[in-house]
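Each chain gets a letter, A, B and so on, in the order its sequence line appears, and its residues count up from 1.
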Amino acid sequence: MSDLRELYQEVILDHHKNPRNFRILEGANRTAEGYNPLCGDRITIYLQLQGDVITDISFQGVGCAISKASASMMTTRLKGKTRAEAEALFGKFHRVVTGQRDLAPDGPELGKLEVFAGVSEFPVRVKCASLAWHTLRAALDGGSQTVSTE
Amino acid sequence: MSAAVEILPPDTRDESSRRALAVHRVREDFPILSQKVRGKPLVYLDNAATSQKPQAVIEALQRYYAVENSNVHRGIHLLSEQATQAYEAARARVQRFVNAASTREIIFTRGTTESINLVAASYGRRHLQPGDEVIISWMEHHSNIVPWQMLCEEKGAILRVVPINDDGEFLLQEYEKLLNPRTRLVSVTHVSNALGTINPIGEIIAMAHRWDVPVLVDGAQAAPHLPVDVQALDCDFYAFSGHKLYGPTGIGVLYGKARLLDAMPPYQGGGDMIRSVTFEKTIYNALPYKFEAGTPNVAGAIGLGVAIEYLEQFGLENLAAYEHELLSYATPAISRIPGVRLIGTAREKTSVLSFVLDGVHPHDVGTILDREGIAIRTGHHCAQPVMDRFGVPATARASFAFYNTREEVDALVAGIHKVIEVFS
C-alpha cells in the first residue's frame with residue numbers, strides 16, 4: 001500500500017477531484033491537444049502568451065487521476081512564468097518522474113510538483129504524468145497538431 | 001473425458017468443494033499461475049488478451065526445438081519427415097476441433113489478424129467493385145475493422161456497420177436492413193472481446209446466405225470458450241488465434257470453405273505456396289499450402305495442436321459451463337459494488353466483465369489492482385467504437401478462464417474496494 005500512497009497522494013487526489021483552471025480560456029492565443037492512445041486520455045491546453053510570458057493557462061479533457069492532477073498542478077505552477085522557465089521545469093519534472101533525477105540534479109525546484117516523484121515506481125504511468133507537459137510544449141511551439149504520447 | 005467429470009461432478013457430494021479441488025488441480029497444469037507478483041499470489045484475469053499455457057504446451061515447444069526441429073515439406077531426411085508429420089497432425093487436430101470437412105480448409109497464419117487480412121487481401125480484392133458493400137458490426141475489434149476500411153478505400157467500396165443496443169447486443173433487424181444486392185461480404189465477431197457478448201452467429205450467417213453473401217467469423221474470443229462447428233454454422237471463413245486458446249503466440253488459423261479458397265488468389269508469394277516456378281510462369285500449390293508462403297511457424301502449430309488436445313480432455317462444453325458459472329458468480333459480486341457500472345450486459349455472454357467505476361479512471365483501477373497481484377486489462381480493448389457507443393474513454397476488463405476460481409473473483413472484489421478506499 002505504501003507505494004500506492006506514494007503515487008496517489010492526497011494532493012494528487014485533490015487535484016483530480018477538483019482540478020484547477022479546468023475550463024476553456026477565453027482569449028487564448030495558443031492551444032494544443034494531447035492524446036494518450038494507451039488509456040484514451042485527451043487533454044486540451046489553452047495559453048495566453050504575451051511575448052515570452054504565460055499570462056494565463058487552463059485545460060480541459062478526460063483522463064486518469066495522474067494525468068488530470070498533473071495538468072491541474074502544472075497550470076497553477078506556470079501562470080506568470082516565461083517560456084524558458086516552463087521548459088526548464090518540464091525538463092526537471094521529466095527527469096524526476098522517470099527516475100533520472102541524478103542525471104541533472106540542478107535546475108529549478110519542483111516544489112509541489114515533487115508529489116509526482118512516486119510515478120517513477122510505475123513506469124507505465126509516466127506517460128499519464130507527462131501528457132499535459134508534452135501538450136504544453138506543443139502549445140508553446142504554436143503547432144496545431146495533436147501530440148501523442150505514442 | 002474423465003477429467004471433465006472432475007470439473008463438473010455429479011451432485012453426489014458437496015459440489016462446491018469438489019469443484020474447487022478439481023480447479024486447483026487444473027491450475028497445477030499452468031506453471032505461471034503459481035507465482036507471486038508484487039508479493040501477492042498472481043490473480044490472472046486478463047485471459048481475453050492472452051491465456052496462459054499448460055505445461056504440456058510448454059514441453060511440446062521445448063521438445064520440438066530440442067529434438068525435432070527441422071523444416072517441413074522439403075527435406076528427405078528423418079527430422080524433416082517427422083517435423084512435417086507433426087505439423088500436419090496439428091492441422092488435422094485443428095480440423096477436428098472446429099469440425100471442418102477437410103484439412104485442406106485449415107490454413108495456418110500468425111493469428112486472427114492475419115487470417116482476416118488474408119481474406120480481405122485475397123477474397124476482397126478479387127470480388128469488390130466500386131460501390132460494393134462490406135458489413136461489420138459496432139462491436140468489432142480493430143483487427144476486424146481496419147482491414148475492411150483499407151480494402152474499401154482501395155476499391156471505392158462502402159463499409160456498413162450494424163449497430164448494437166445498450167446491453168451490447170447485435171441488432172439483427174438493423175442488420176437485415178443493411179443486406180442488399182451490393183453486399184459482398186459480412187465479417188462479424190462471434191464473441192465481443194470488450195463486452196463478452198455472444199452473437200447469434202448462426203442467424204447472421206443464414207441471413208447473409210439468403211443474399212448469397214459469404215460470412216467471415218472472427219472467432220478469436222469464441223474458440224477458447226465455446227464449442228465451434230464450422231459446418232453446423234455454415235460459415236464461409238472462421239478465424240482464430242492460438243495464444244488465446246492456451247497455445248503459443250504467433251500461430252493462428254483461418255478456416256475457409258474449400259470451394260472459396262480454391263477460387264482465391266494467393267495472399268503472399270514465396271516458398272511452399274508454389275508447385276513450380278519459372279520466370280515465365282508460376283503454378284501455385286494446392287490447398288492449404290497455397291496460402292502458407294514461407295517456412296511456417298512449425299513449433300507454434302505443434303504447440304497449438306497440443307493445447308487443443310489438452311482442452312479436449314475436459315470437453316469444451318464442460319469448460320464453457322464452468323466459466324459460465326464463474327461469470328454468474330462474478331457478475332452480481334462486481335455489479336453490486338457501489339459506483340460500478342457494467343459495460344456489456346447481453347443475455348448471452350462469455351466470461352468477460354467490463355466495467356467502469358464512478359469517478360475513477362480505469363487506468364487507476366488497473367494500477368491499484370496490479371499492486372494486489374491482480375492482472376486485468378484497462379483501456380479501449382482495441383475496440384474504440386464500442387467505447388464511443390457507451391460514452392466511456394476506456395473500461396476495466398476482467399476476463400476469466402477455466403483455471404480461475406471463485407476465490408480469485410473474491411480477490412477482485414476486494415481489490416475494487418481497495419481502489420474505492422484509495423480514492424475516497
Is it the case that atom CZ in R110(B) sees more than 12 heavy atoms from other parts of the structure closer than 6.0 Å? no

Within 6.0 angstrom of E154(B) CD, more than 12 heavy atoms from elsewhere: yes

Any side-chain heavy-atom pair from D41(A) and H361(B) closer than 4.5 angstrom? yes

Can you tell me how far CG of D370(B) sits from CZ of F122(A), rounded to the nearest 0.5 angstrom? 8.0 Å

Measure E121(A) against the heavy atoms of chain B and call it side chain, backbone, both or neither at under 4.5 Å. backbone

When you measure from the side chain of K17(A) to the backbone N and O of F423(B), does any donor-acceptor pair fall under 3.5 Å? yes

Donor-acceptor pair, side chain of D364(B) and main chain of A65(A), under 3.5 angstrom: yes

Should the heavy atoms of other residues, nucleotides or ligands under 6.0 Å from CG of D388(B) be counted, would the total exceed 12? yes

Main-chain N/O of C128(A) paired to H363(B) side chain as donor or acceptor, under 3.5 Å: no

Where do E421(B) and R5(A) come nearest, in terms of heavy atoms and distance? O-NH2, 4.1 Å

Select one option (side chain, backbone, both, neither) describing which atoms of S424(B) are under 4.5 Å from chain A's heavy atoms. backbone

With a 4.5 Å cut-off on heavy-atom pairs, point out which of T367(B), V360(B), T378(B) contacts chain A the most. T367(B)

In terms of heavy-atom contacts, does CD of Q35(B) have more than 12 from other residues, nucleotides or ligands at under 6.0 Å? yes

Is the shortest heavy-atom distance from the side chain of L7(A) to the side chain of R371(B) under 4.5 Å? no

